[in-house]
Amino acid sequence: MFGKTKAFSSFSVNDLQQAKNFYQQTLGIEVESGEKEPVITLKIAGMPSVLIYEKTNHTPATFTVLNFPVSNVEEAVDQLTAKGIKFQQYEGELKTDKKGIFRGGGPVIAWFTDPAGNILSVMEQA
């Protein structure tokens, strides 16, 4: 039924304007505002659009909602940290280093949050 349809992802935020500023200005993503609905759409190269909508009783996702592939996670972390982004620190199985980078098997990855608390990542890919 859905084998040939174009799907897209969506998630909520508590402040749409703050989200628009973050994704557009801080992360440098093309953002399109909804014409009739109070939504924004992230136009990310090489993938379907991502729809973000405001929800008054928003609860941040407890999982990664968006992964950004990068060629060098450490460089990406340094650049984003310079823009004021703080990276998550995890212990246990996903223990991160002092920069917030996980290097313990699997992809090298670092997690951060958007202003609404949703979890995003930069993930190293060749």
Side-chain angles (χ1 to χ4, degrees):
M1 180 172 167
F2 297 118
K4 295 188 183 199
T5 191
K6 292 183 181 178
F8 64 94
S9 178
S10 68
F11 57 90
S12 70
V13 295
N14 57 346
D15 184 322
L16 201 58
Q17 187 59 50
Q18 188 177 37
K20 181 178 180 179
N21 292 343
F22 175 77
Y23 286 98
Q24 189 170 47
Q25 295 171 7
T26 305
L27 298 185
I29 297 171
E30 181 183 346
V31 176
E32 187 176 277
S33 296
E35 291 181 23
K36 296 180 183 178
E37 302 86 19
V39 298
I40 59 173
T41 303
L42 304 181
K43 302 291 189 177
I44 301 172
M47 69 178 284
S49 299
V50 177
L51 181 75
I52 300 177
Y53 57 96
E54 189 169 289
K55 185 175 173 188
T56 54
N57 61 345
H58 165 75
T59 302
T62 57
F63 53 88
T64 308
V65 298
L66 200 54
N67 297 287
F68 296 99
V70 296
S71 60
N72 186 307
V73 165
E74 188 142 2
E75 286 178 11
V77 166
D78 290 345
Q79 290 172 4
L80 292 168
T81 299
K83 291 182 173 204
I85 292 176
K86 295 185 185 330
F87 283 82
Q88 301 297 107
Q89 295 291 318
Y90 294 115
E91 294 293 329
E93 191 177 328
L94 296 176
K95 183 170 176 49
T96 55
D97 65 17
K98 65 182 179 181
K99 286 187 171 186
I101 302 172
F102 171 73
R103 305 170 196 267
V108 176
I109 187 169
W111 296 273
F112 60 103
T113 60
D114 70 5
N118 294 308
I119 302 169
L120 314 173
S121 84
V122 286
M123 180 186 303
E124 198 162 294
Q125 292 187 339

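Numbering of residues begins at 1 and proceeds along the displayed sequence.
Partners of D15 under the salt bridge (Lys or Arg N to Asp or Glu O under 4.0 Å) rule, at least two apart in sequence or in another chain, do not exist in this structure. Residues meeting the side-chain hydrogen bond (donor to acceptor under 3.5 Å, both in side chains) test with T26, sequence neighbours left out: none. Residues passing the side-chain hydrogen bond (donor to acceptor under 3.5 Å, both in side chains) test with N14, sequence neighbours excluded: none. Every side-chain hydrogen bond (donor to acceptor under 3.5 Å, both in side chains) that D97 has, sequence neighbours left out, goes to R103. Every residue was checked against the salt bridge (Lys or Arg N to Asp or Glu O under 4.0 Å) condition with E37, not counting sequence neighbours, and none meets it. Partners of K99 under the salt bridge (Lys or Arg N to Asp or Glu O under 4.0 Å) rule, at least two apart in sequence or in another chain, are E74, D78. With sequence neighbours excluded, the residues satisfying side-chain contact (heavy atoms from CB on, under 4.5 Å) with Q24 are K20, V31. Every residue two or more places apart in sequence or in another chain was checked for a side-chain hydrogen bond (donor to acceptor under 3.5 Å, both in side chains) with E93, and none qualifies.
Considering only heavy atoms from C-beta on, E54 stays 4.5 Å or farther from P38 through its side chain. Here the side chains of L27 and D114 are not in contact, with every heavy-atom distance at 4.5 Å or above. You'll find the side chain of L66 reaches within 4.5 Å of the side chain of L42, heavy atoms only. Between V122 and I109, the closest side-chain pair of non-hydrogen atoms is not below 4.5 Å. You'll find the side chain of E124 stays beyond 4.5 Å of the side chain of P107, heavy atoms only. With contacts defined as side-chain heavy-atom distances shorter than 4.5 Å, the pair L51/T41 qualifies.
For the atom pair S49 OG and E30 CD, the distance stands at 9.0 Å (nearest 0.5 Å). Distance check, rounded to the nearest 0.5 Å: CD1 of I101 to CD of Q89 gives 10.0 Å. Atom CD1 of I52 sits about 3.5 Å away from atom CZ of F11, to the nearest 0.5 Å.
For residues 13-65, no residue pair satisfies the ring pair (Phe, Tyr, Trp, His ring centres under 6.0 Å) rule, not counting sequence neighbours. Residue pairs satisfying the salt bridge (Lys or Arg N to Asp or Glu O under 4.0 Å) criterion with at least one member in residues 62-71, sequence neighbours excluded, are absent. Pairs passing the salt bridge (Lys or Arg N to Asp or Glu O under 4.0 Å) check and including a residue from residues 57-68, sequence neighbours excluded, do not occur. Within the structure, ring pair (Phe, Tyr, Trp, His ring centres under 6.0 Å) pairs that include any residue of residues 99-125 comprise F87-F112, Y90-W111 (at least two apart or interchain).
Heavy-atom minimum distance, G117 versus P60: O-CB, 3.3 Å. In plain terms, the two heavy atoms of K43 and E32 that are nearest each other are CE-OE1, 3.6 Å. Contact record, M123 with N67: CE-OD1, 3.8 Å, taken as the closest heavy-atom pair.
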Would V13 and N118 count as a side-chain contact (heavy atoms from CB on, under 4.5 Å) if you check the C-alpha gap in whole Å, the side-chain angles of each, and the deciding distance to 0.1 Å?
-> CA-CA 8 Å; V13 295; N118 294 308; 3.8 Å; yes
Under the side-chain contact (heavy atoms from CB on, under 4.5 Å) rule, what do N57 and K55 come out as? Steps first, then yes or no, please.
-> CA-CA 6 Å; N57 61 345; K55 185 175 173 188; 3.1 Å; yes
